[in-house]
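All remarks here apply to the structure that follows.
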Protein chains: 2
Amino acid sequence: MNISEAAKAAGLPVKTVRYYADIGLVSPTSRSDAGYRTYDATALRKLVFVRRARAFGFGIDACRELLDLYQDHGRSSAEVKQIASRRLDEITLKQRELQALHDTLSHLVQSCRGDDRPDCPIIDYLG
Amino acid sequence: MNISEAAKAAGLPVKTVRYYADIGLVSPTSRSDAGYRTYDATALRKLVFVRRARAFGFGIDACRELLDLYQDHGRSSAEVKQIASRRLDEITLKQRELQALHDTLSHLVQSCRGDDRPDCPIIDYLG
DNA sequence: TATAGACCCTCCAGCAACTGGAAGGTCAAG
DNA sequence: CTTGACCTTCCAGTTGCTGGAGGGTCTATA
């Protein structure tokens with residue numbers, strides 16, 4: 001499998017697959033005589049795995065750890081759970097931050113008449 | 001006021017104030033003979049304004065627009081409201097995304113025993 | 001007056017995770 | 001043998017700063 005086929009099958013842009021190869025996250029199985037990256041089913045599974053992990057917002061380093069655990073059949077699920085819990089905490093924190101922003105901003109937006117006059121509670125709040 | 005005093009008064013790092021000057025977001029009032037940036041009360045108010053706007057997650061370009069409106073006493077509040085509404089929509093969208101992530105991930109984390117055995121619904125989900 | 005230390009300056013590099021593009025090599029079909 | 005779709009590497013840009021090097025300035029004190 002050349003890179004574009006692998007990328008399509010993994011649901012990733014070619015550029016991203018090349019990037020993952022560059023940073024040693026998912027290496028191609030081998031290189032052709034012409035230097036083309038080639039991917040087999042195992043490498044493809046890793047690409048899919050990374051795409052899903054990234055969708056959860058796991059950083060590249062976390063993906064590396066998860067990928068290691070994915071391939072380590074003697075892993076302890078506790079290690080995986082710890083990484084996932086950390087990410088869950090981050091998400092929860094971000095949600096709280098966004099909730100606070102949303103509350104304040106939606107209140108301001110609602111109280112702004114939004115007409116052609118200059119007085120505006122949003123600007124007042126910021127200034 | 002030199003930059004460090006202005007930065008402290010605005011609640012921003014010196015580096016950030018210098019950065020805002022570099023990109024023309026908040027220019028210093030003037031320069032001293034030695035080339036030091038100096039800030040007066042008006043420039044300071046702009047710095048504070050930008051800090052608050054950034055805290056809402058407005059991008060630099062949005063800050064530029066808001067700052068223009070802030071200084072335009074003949075503005076229409078509709079313009080401000082539109083910018084704020086866009087940001088509110090972004091926040092709402094992000095919240096929905098995070099909610100979906102949270103739901104799925106918390107479910108996975110809960111269903112993972114987290115012991116020393118390898119089977120793990122989190123890894124299964126990703127793989 | 002000398003000097004120490006706290007300021008200030010500019011410029012360059014790096015962060016995360018790609019993305020776009022230029023310049024050029026390779027491959028398969030017609 | 002040419003065309004066009006691949007592939008390669010390398011460099012630059014994205015967002016909003018942040019850190020650091022290398023060097024100038026200012027003020028207080030000895």
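These values consider heavy atoms only, across backbone and side chains, with no hydrogens, waters or symmetry-generated copies. Proteins get letters first, then strands, A, B, ... in listed order; numbering begins at 1 in each.
Comparing A:R37 and B:F58 by the nucleotide of DNA chain D that holds the closest heavy atom to each, the one mapping nearer the 5' end is A:R37.
Looking at every heavy atom in both residues, A:L105 comes nearest to B:A84 through CD2-O, 3.9 Å.
For the residue pair A:D115/B:S77, the side-chain donor-acceptor check at 3.5 Å is satisfied. Defined by atom type and a distance below 3.5 Å, a donor-acceptor pair is present between the side-chain atoms of B:S30 and B:T38.
Listed by first residue number, the stems of DNA chain C with at least three Watson-Crick or G-U pairs below 3.5 Å are C:1-30 with D:1-30.
With a 4.5 Å cut-off on side-chain heavy atoms, B:E65 and B:V80 do not count as touching. Using a 4.5 Å heavy-atom cutoff, the side chains of B:I23 and B:R64 are in contact. For the pair A:T16 and A:R51, the minimum side-chain heavy-atom distance is 4.5 Å or more.
Remark: the backbone N or O of A:A100 is not paired with any side-chain donor or acceptor of A:R96 at under 3.5 angstrom. Between the side chain of B:D40 and the backbone N or O of B:A43 there is at least one donor-acceptor pair closer than 3.5 Å. Between the B:K81 side chain and the A:C112 main chain, a donor and an acceptor come within less than 3.5 Å of each other.
Nucleotide C:dC18 holds its P atom 7 Å from the CD1 atom of A:I23, rounded to whole Å. A:D61 places its CG atom 12 Å from the P atom of C:dC18, with the value rounded to the nearest Å.
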Base versus backbone protein contacts along nucleotides 19-28 of chain C [heavy-atom cut-off under 4.0 Å; B, S, -]:
SBB---BBS-

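On the nucleic acid side, DNA chain D has its first and last nucleotide under 4.0 Å of a heavy atom of chain B at D:dG16 to D:dC26, going 5' to 3'.
A:V50 and A:V48 fall into different hydrophobic clusters, where Ile, Leu, Val, Met, Phe, Trp and Tyr side chains are chained together by heavy-atom contacts under 4.5 Å.
Looking at the side chain of B:S4, the nearest of the listed nucleotides C:dC7, C:dT10, C:dA17 is C:dC7.
Checking the phosphate oxygens (OP1, OP2) of C:dA17, no side-chain nitrogen or oxygen of A:R64 falls inside 4.0 Å.
Ring to ring, B:F49 and A:Y125 are not that close: their centroids are 6.0 angstrom or more apart.
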